[in-house]
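Let me begin by presenting the structure, written as structure tokens, before commenting on it.
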Amino acid sequence: MSETQKYDHQSIEKKWQEQWEKQKLYATKDDSSKKKFYCLIEFPYPSADGLHVGHPRSYTALDIVARKKRMEGNNVLFPMGFDAFGLPAENYAIKVKKNPADITKKNVERFRLQLKSLGLSFDWSREVVTTDPEYYKWTQWIFLQLYKAGLLYQKEMPINWCPSCKIGLANEEVVAGKCERCGTETGKKNLKQWIFKITQYAQRLIDDLDTVDYLKKIKTQQINWIGKSDGAKVQFRLKDLKYRINVFTTRPDTLFGATYMVLSPEHELVEKLLSEIGNSKEVEKYVKASQNKSDLERTDLAKKKTGVELKGIKAINPASGKEMPVWVADYVLISYGTGAIMAVPAHDERDYEFAKKFNLPIQEVISGGDIKKEFYTGEGKIINSGQFDGLNSKEGIKRITTWIEKEGYGKAEVNYKLRDWIFSRQHYWGEPIPLIHCENCKEREKKTVLIIHGTGNYGRNLWYGWLADELEKLGHEVVAPDMPDPMEPNLDTWLSFLEQYKDKLNENSVIIGHSLGGVAAMQFISKLKKKIGKLILVAPTCRDIDWKAYAKKHPNDPTEYQHKFNQPDIPYDQIHNNTEKIVYFHSDNDHYIPESVPKHYKKVLKADFRMLKGRSHFTILNGGAFTFPEIFEEIVEGSQMPVGIVPVPEKDLPVELPKVKNYEPTDTGESPLAGIKDWVNVKCPKCKGDAKRETDTMPNWAGSSWYFMRYCDPHNAKEFASKKALKYWMPVDLYNGGMEHTTLHLLYSRFWYKALYDLKMVPQPEPYQKRISHGMVLAEDGKKMSKSLGNVVNPDDVIKEYGADTMRMYEMFMGPFAEAIPWDTKGILGVRRFLDKANLLFEKVKKSAEFDRNLVHKTIKKVTEDINEFHFNTAVSALMIMINEMNNQKEVGQEAFEKFLLLLSPFAPHLAEELWKKLGHKESIHLSPWPHFDSNLAKDEEIEFVIQINGKLKDKSMMPTDVTEEDVLQYIERNEKIKKLISDKQVINKIFVPGKLLNIVVK
RNA sequence: GGGCGAGUGGCGGAAUUGGUAUACGCGAUGGACUUAAAAUCCAUUGGUGUUUAUCCACCUUGUGGGUUCGAGUCCCACCUCGCCUACCA
């Protein structure tokens, strides 16, 4: 064959691409009587390097699916866009001193051209670019809806900080202590951050996976990332101290085996206890040292455990009653559970190692191992655990948890690894967060909340701590002091202690008094010379309680002082004068406070009484809970939004990025936007006073968390997408992307979609019906393609030399779609030869020529089914077999050839269209119906029937597919070879598999 | 350490519910065409042995066992590699 026998891919491909575009062949119409099919592929980040050969692999695969679905009569949505915000463009902009917007625009144009040269059937009229203000207007709008729904808060916190990129990183972006992007070791920096309450959705993000069709490993990854564990929260008393240590454990069955406790270095108690311990200097030194350790050091030195004992501090094991030493050690992480553990060295690897190193007692409580030699984490019989001895450990978990709850030491609890999503970025190239900080509004709305705790407790313990955190998330000022001598309180001491907070209080303030603190609160308010907003009493005590009787009933509780507590008459009139409103919470099962108490207060207090069910005395004791949303609600009065932070009004969206001279992030951690005075200074939309814009921008994840919704209605100027369009197109029927996005992008976008579903803005709770993943394309050496290794293959070169059709087919043929496959430039030749053969075969086509119907229908069946299952490589090989068979004939029937072209058209759309038109068709092949197969015709009439002896192949012969056992046995009678082989042996059995084989079992 | 997945020719890889292992392609070798090369076409191509006629026998899907008439496929143990994850209490 000469050069002229190779088809001219350049002119053919250019011609059809132009014609298709002119005819708008792939434009999708919304209102259609046809069944919809939404086929989605992750949109690319338009890097300066251009398209990678990995991109076309998944694009072609989904293009094939989309084209086939279209030919099968579906209304297909197959869109494409660009995810263009983010660090690479910004870093490049800084390097070449240009505007990232200009750079991005250029990159997008290049990408679009490259994608178009592949002949993909995207509906380009629906393209979205996340950096386009018309697009990010709606990203900001959605952000505001979620903000108004109370899903965001701001908190000063140590964030992961990359000293090289000068950017805060989400936990998820730090891989093994290193910056995901640049590989530099990360440190910590304290910054105020906007944070999404994704943890609120943790359970639903797990549960709803049951309703969707994702690859198993993708579901597993999602579940693992959320990391749910069932266990119990248990409270440990400290000997002679008011403080308590809360721990989370998944092994309550080992409670009796806890021999020491460990606090993480960041735990608040470490600082509080410093004055009580003998070796405070040593402890301080240790805490400081571990703060300076990077996450990498703390995790990498996995096996070398360090720690310091808090000398003089003893915790009490509520189960065994034994005293236990308390340590601080950085193998306990502040970010998981409560930041403290009960250590059970006999049945936990880490605790065992620690106990061995520091010579701490090891107490076996589950039999089955040999704890002298090794820890034992398996199941077994419970021993050394009093009343629980003899139980199976699995049963023990349930029984001991129930006992803990009954005795008031804790409660069953679920814990998640997933942490809230840090959303702020201190960078230029991202969507501005559309919020305005207004000091006037803040002063007006901010509440000062004074929490006065009860006996034997401290300021931020239990629900006080939870409530304080929640209020601070909204920007309120919380004063939750540790009251003096809480074990033996004295009213006068308490009142004089509270004096210091007097000046902070005003008509907007709230005072919460719990238990004994309730009495203190009333006394304190009655002496104020001003009015406060609200008094919230939570199960307050009262001198009416018979403390002597109580002490008899509860001999272990240190309540001696209670009846000594000085309670002069409370001047109720004065309290009413000094408060706007009083709310009184009590519980129907408070065994601490008799019913006579609320009865008494009902008589004397003009309060709003609220009865809550089963909250005991509002503490962990006796099964109480840690969170009391009712009390929280009473303070914020329905406002879920942080105070003094005003959403930009919808009519002012988008908040566009201003042009700046300098894109570099600052060393202070502020975004470069902070330096642009004209932009930062605005009037508050609420009070019209002077205010400032938020200068943080959104992370790269924002735009990609909802782009699939915008595709449904991309030009809508009034809504992010119309209800009608969303209802028709959503959910996505097929979503494909890389494994690298199966945790974060999927989790974040599912979270946004669920939140919008709760706001009734989208039609269902899950965005993606089916999710599959593609494998990576590796370099010829089997390594990842990278510039530094110099092994990158440029798709433009391949397309220029061999054509887009060849490129597409080769990417499909190279191996299983889901697996990583190395690129092989020589392998492309085989596919190109196949297409040349197809082109040449056209000369042999005769309208009237006979053809092999079985071959045609077999191939239709194979290709159809393979595409359905994403087995593109074997579909290509079926087409190759068909072409080879047809090539062996002198003439080719036109009908057979047409069917071949139809099957070829999703893979090689240009050549298929060229030959289709050359056959005389007026309409595009891509608008033609997908061929059907006849199952009977797809079956072979004759097969190679196999004769085995003891399962080993001895003979084969062509026979009809439906050959009977008798016929085969007769055949054997006539077969000298088989007869000879079995002549001297005893035939025990004959197994006949219809249409396949006969196995003769001999001895 | 945990989770998921994979080990099949010289290479990429095929193989329905257990039923002819190595489809399809690359590469290689030989031949045709050519002054020659490229391209193309034809033939051969898992291994070993015997025989030189290419008929035959045996072996072969990481290793070792097991279940079965029959195992690449199912079960058990082990080895190797890849990906994700990691002091998650």
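Because only heavy atoms are used, hydrogens play no part in the values below, and waters and symmetry mates are left out as well, while side chains stay in. Numbered from 1 within each chain, the chains take letters A, B, ... in sequence-line order. Values in this document were obtained by computation on a predicted structure and should not be read as measured data.
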Distance-only donor-acceptor test, A/K305 side-chain atoms vs B/C87 base atoms, 3.5 Å: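 Indeed there is one.
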
Electrostatic pair A/E941-A/K939, nearest N-O below 4.0 angstrom: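 No salt bridge links A/E941 with A/K939.
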
Under-4.0 Å salt bridge between A/D940 and A/K858: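 Salt bridge present between A/D940 and A/K858.
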
Touch check for [X], heavy atoms < 4.0 angstrom, all strands: base, sugar-phosphate only, or nothing?
X: A/I341; result: base
X: A/N873; result: sugar-phosphate
X: A/K217; result: sugar-phosphate
X: A/T742; result: nothing
X: A/I991; result: base
X: A/K826; result: sugar-phosphate

Between [N] and [M], how far is it from one [atom1] atom to the other, in whole Å?
N: B/G64; M: B/U45; atom1: C1'; answer: 32 Å
N: B/G18; M: B/C69; atom1: C1'; answer: 12 Å
N: B/U61; M: B/U20; atom1: C1'; answer: 15 Å
N: B/A21; M: B/C75; atom1: P; answer: 22 Å

Is the phosphate of [N] approached by [X] (side-chain N or O, under 4.0 Å from OP1 or OP2)?
X: A/T250; N: B/C88; answer: no
X: A/K954; N: B/C58; answer: yes
X: A/R833; N: B/C26; answer: yes
X: A/N224; N: B/C4; answer: no

Protein-nucleotide distance (A/L998, atom CG; B/C69, atom P), rounded to Å: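 Those two atoms, CG and P, are 15 Å apart.
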
A/I223 CD1 - B/U85 C1' separation (whole Å):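 That distance rounds to 15 Å.
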
Lys NZ or Arg CZ of A/K305 over A/Y331 ring: under 6.0 Å, within 45°: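 A/K305 over A/Y331 ring: yes.
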
The side chain of [X] lies closest to which of these nucleotides: [options]?
X: A/R350; options: B/C88, B/C4, B/G12; answer: B/C88
X: A/N884; options: B/C24, B/C69, B/C4; answer: B/C24
X: A/L953; options: B/C88, B/A21, B/C24; answer: B/A21

Plane angle bin for A/F900 and A/F834 - parallel if under 30°, tilted between 30 and 60°, otherwise perpendicular: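 The rings of A/F834 and A/F900 stand perpendicular, inter-plane angle above 60°.
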
Mutual orientation of the aromatic rings belonging to A/F358 and A/W327 [parallel < 30°, tilted 30-60°, perpendicular > 60°]: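 Geometry flag for A/W327 against A/F358: tilted rings.
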
B/G9 pairs with, by Watson-Crick or G-U criteria that keep both distances under 3.5 Å: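 With both distances under 3.5 Å required, B/G9 matches none.
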
